[in-house]
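So the structure is just underneath, and the comments pick up after that.
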Amino acid sequence: SIFYSITQEVSALVRSLLKKYNIKGGTFDQHFLVDTDYLDRIVAAADLRPEDVVLEIGAGIGNLTERLARKAKKVIVIELDPALVRILHDRFDGVENIEIIAGDALKVDFPEFDKVVSNLPYSISSEITFKLLRHKFKLGILMYQYEFAARMVSQPNCKDYSRLTVDTCYFADASILMKVPKSAFQPAPEVDSAVVKLVPRPAPFEVKDQAFFMDFVAAVFSQRRKKLRNAILNTNHVLKIPSVKEVVARLPEDLMNKRAENLTPEELAQVANKIVDLKKSILAEETKEQ
Ligand code: SAM
């Protein structure tokens with residue numbers, strides 16, 4: 001395939017392919033990154049080595065794909081829209097190190113990969129990120145809606161600090177590499193975007209029961225402005241902590257008087273761990289009594 005190195009060329013290519021294949025765009029979050037400066041900076045951030053296998057989710061017409069394939073051992077793309085899959089085959093079937101998987105990235109089994117580099121479909125940002133984080137990989141360079149990225153990398157006591165911040169922090173180091181304006185895309189989206197660098201690592205604090213920790217974080221952030229004590233009591237229909245009043249009374253008082261939005265991920269983990277321990281000892285006491 002010909003390499004499209006300047007923005008006008010990529011932009012013209014997008015226009016002509018969409019017309020030729022009769023694609024309207026707009027559905028399935030289809031906004032194609034045409035600004036070659038950003039395309040090149042994303043590829044540079046991925047720091048590709050000749051041995052790297054790269055996963056790309058939502059390849060569109062392949063603007064990013066062709067750049068990744070020039071540096072990596074292999075690029076595996078997953079694309080949902082059959083019309084775009086046809087374009088990708090027409091463009092890249094002769095290219096040995098590009099593999100195309102047609103399907104929904106939320107449903108297909110991911111292949112093994114070293115790095116994931118994608119301009120993600122924004123409506124599935126959260127689900128796709130946590131699906132990715134259940135896999136082993138070295139580095140992610142991922143484009144999100146700016147507001148979403150800001151929530152991923154926030155800090156306690158900030159308005160963007162949320163369930164997403166804590167869950168992200170549990171799985172990976174995350175940082176925003178660059179803000180990307182609407183004008184870098186075709187058609188332009190309604191929101192600004194940002195590229196996030198994700199480096200998966202073991203959690204920097206102990207979590208005794210991962211499933212409970214995740215449920216706990218979701219529950220207390222659904223009541224982010226309530227003191228933790230009340231947030232736990234109010235959400236116990238979901239958390240299902242036995243003898244919840246007794247448990248809450250035995251949790252560290254200083255933390256119980258704070259709000260979820262003021263607690264660090266580590267403090268939230270401490271409380272969740274303590275609940276897990278108390279649940280066990282209450283169950284043990286109950287069985288002894290019977
Ligand atoms: N990577 C291309 C680029 O930068 O120009 C396109 C990015 S566009 C924001 C998102 C792409 O994801 C679209 O091509 C869309 O068809 C595809 N897509 C949307 N939902 C998807 C899903 N569930 N699984 C796989 N691809 C999806």
Side-chain angles (χ1 to χ4, degrees), residues 1 3-18 21-46 54-69 72 75-92 98-111 113 115-132 135 140-146 148-149 177-178 180-196:
S1 81
F3 186 70
Y4 294 87
S5 60
I6 59 173
T7 303
Q8 285 82 347
E9 286 174 355
V10 179
S11 184
L13 178 72
V14 168
R15 264 197 312 274
S16 74
L17 285 176
L18 296 189
Y21 290 78
N22 197 19
I23 297 168
K24 297 268 177 305
T27 48
F28 303 124
D29 301 306
Q30 284 162 357
H31 303 282
F32 305 102
L33 183 60
V34 293
D35 188 316
T36 52
D37 183 36
Y38 288 104
L39 285 165
D40 292 339
R41 283 167 70 187
I42 289 170
V43 176
V54 178
L55 177 66
E56 187 192 358
I57 292 162
I61 68 150
N63 299 339
L64 192 54
T65 320
E66 66 170 351
R67 285 172 163 70
L68 297 169
V75 183
I76 306 169
V77 310
I78 305 175
E79 174 54 57
L80 176 65
D81 186 340
L84 294 173
V85 170
R86 225 179 316 127
I87 295 182
L88 292 168
H89 276 297
D90 288 351
R91 282 191 78 188
F92 299 134
I98 297 179
E99 183 184 324
I100 300 159
I101 300 175
D104 182 341
L106 291 176
K107 293 193 185 132
V108 300
D109 286 335
F110 286 165
F113 60 98
K115 295 178 179 172
V116 53
V117 185
S118 307
N119 175 9
L120 290 172
Y122 295 164
S123 57
I124 59 167
S125 295
S126 198
E127 273 174 283
I128 203 72
T129 302
F130 291 105
K131 179 171 176 183
L132 281 167
H135 287 74
I141 302 293
L142 301 167
M143 177 100 73
Y144 295 97
Q145 179 173 344
Y146 181 78
F148 188 90
L177 293 182
M178 60 192 113
V180 184
K182 301 166 195 169
S183 57
F185 299 87
Q186 197 174 303
E190 281 172 10
V191 293
D192 283 323
S193 301
V195 176
V196 171

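Quick caveat: nothing in here was measured; it's all calculated off a predicted structure. Along the sequence shown, residues carry numbers from 1. Order of appearance sets the numbers: ligands from 1, and atoms from 1 within every ligand.
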Pair Lys182, His31 - check side chain to side chain contact (heavy atoms under 4.5 Å, CB included), show working.
CA-CA 9 Å; Lys182 301 166 195 169; His31 303 282; over 6 Å; no
Start with the C-alpha gap between Arg91 and Thr65, add the side-chain angles, then the distance that decides, and say whether side chain to side chain contact (heavy atoms under 4.5 Å, CB included) holds.
CA-CA 11 Å; Arg91 282 191 78 188; Thr65 320; over 6 Å; no
Could you go through the side chain to side chain contact (heavy atoms under 4.5 Å, CB included) check for Leu33 and Leu64 one step at a time?
CA-CA 8 Å; Leu33 183 60; Leu64 192 54; 5.7 Å; no
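Protein heavy atom closest to atom 19 (C) of ligand 1, with residue, atom name and distance, is Phe28 O, 3.3 Å. Counting only heavy atoms of the protein, atom 4 (O) of ligand 1 lies nearest to Asn119 ND2, 2.7 Å. The protein heavy atom nearest to atom 10 (C) of ligand 1 is Asp29 O, 3.5 Å. Nearest protein neighbour of atom 16 (O) of ligand 1, counting heavy atoms only, is Glu79 OE2, 2.6 Å. Nearest to atom 18 (N) of ligand 1 among the protein's heavy atoms is Pro121 CG, 3.7 Å. Nearest protein neighbour of atom 13 (C) of ligand 1, counting heavy atoms only, is Gln30 CG, 3.6 Å. Protein heavy atom nearest atom 12 (O) of ligand 1, with residue, atom name and distance: Gly58 CA, 3.1 Å.
Ligand 1 has no atom lying under 4.0 Å from any heavy atom of Leu106. The closest approach between Glu56 and ligand 1 falls below 4.0 Å for a heavy atom of the residue. Under the 4.0 angstrom criterion for non-hydrogen atoms, Gly103 is in contact with ligand 1.
Under the 4.5 Å side-chain criterion, counting only non-hydrogen atoms from C-beta, His89 is in contact with Ile100. Between Val195 and Met143 there is a side-chain heavy-atom pair separated by less than 4.5 Å. Using a 4.5 Å heavy-atom cutoff, the side chains of Thr36 and Arg67 are in contact. Residues Leu132 and Leu142 are in side-chain contact: their nearest non-hydrogen atoms beyond the backbone lie under 4.5 Å apart. The shortest side-chain heavy-atom distance between Tyr21 and Ile61 does not fall under the 4.5 Å cut-off. Annotation: side chain of Val77 is not in contact with side chain of Phe92 (no heavy-atom distance under 4.5 Å). Side-chain atoms of Ile87 and Leu84, non-hydrogen and from C-beta on, do get closer than 4.5 Å to each other. Looking at heavy atoms from C-beta onward, Phe110 lies in side-chain contact with Ile78 at the 4.5 angstrom threshold.
Considering backbone and side-chain atoms alike, Leu33 places an N or O below 3.5 Å from some N or O of ligand 1. Not a single N or O atom of Ile57, backbone or side chain, sits closer than 3.5 Å to an N or O atom of ligand 1. Between His31 and ligand 1, not a single N/O pair is under 3.5 Å apart.
Side chain of Glu79 to main chain of Gly60: a donor-acceptor pair is present (N/O by atom type, distance under 3.5 Å, no hydrogens or angles). No donor-acceptor distance shorter than 3.5 angstrom exists from the side chain of Glu66 to the backbone of Gly62, with no hydrogens or angles considered.
Residue Met143 does not touch ligand 1, judged by heavy-atom distances below 4.0 Å. At a heavy-atom cutoff of 4.0 Å, ligand 1 is contacted by the side chain of Ile124 but not by its backbone. When heavy-atom distances to ligand 1 are checked against a 4.0 Å cut-off, Ala59 comes that close only through its backbone atoms N, CA, C and O. At a heavy-atom distance under 4.0 Å, no atom of Ile128 approaches ligand 1. At a 4.0 Å heavy-atom cut-off, ligand 1 does not touch Leu64 at all.
Among all heavy-atom pairs drawn from Ser193 and Tyr122, the shortest one is OG-OH, 2.6 Å.
Close approach to Asp104 involves these atoms of ligand 1, each under 4.0 Å from a residue heavy atom: 22 (C), 23 (N), 24 (N). Atom numbering of ligand 1 starts at 1 in the shown order; those under 4.0 Å from a heavy atom of Leu84 are 14 (O), 16 (O). Of all the atoms in ligand 1, the ones that sit under 4.0 Å from a non-hydrogen atom of Ala105 are 22 (C), 23 (N), 24 (N), 25 (C). The Asn63 neighbourhood of ligand 1 comprises atoms 5 (O), with distances under 4.0 Å to a heavy atom of that residue.
Selection from Leu80, Thr65, Asp81, Leu88 by nearest heavy atom to atom 22 (C) of ligand 1 gives Leu80.
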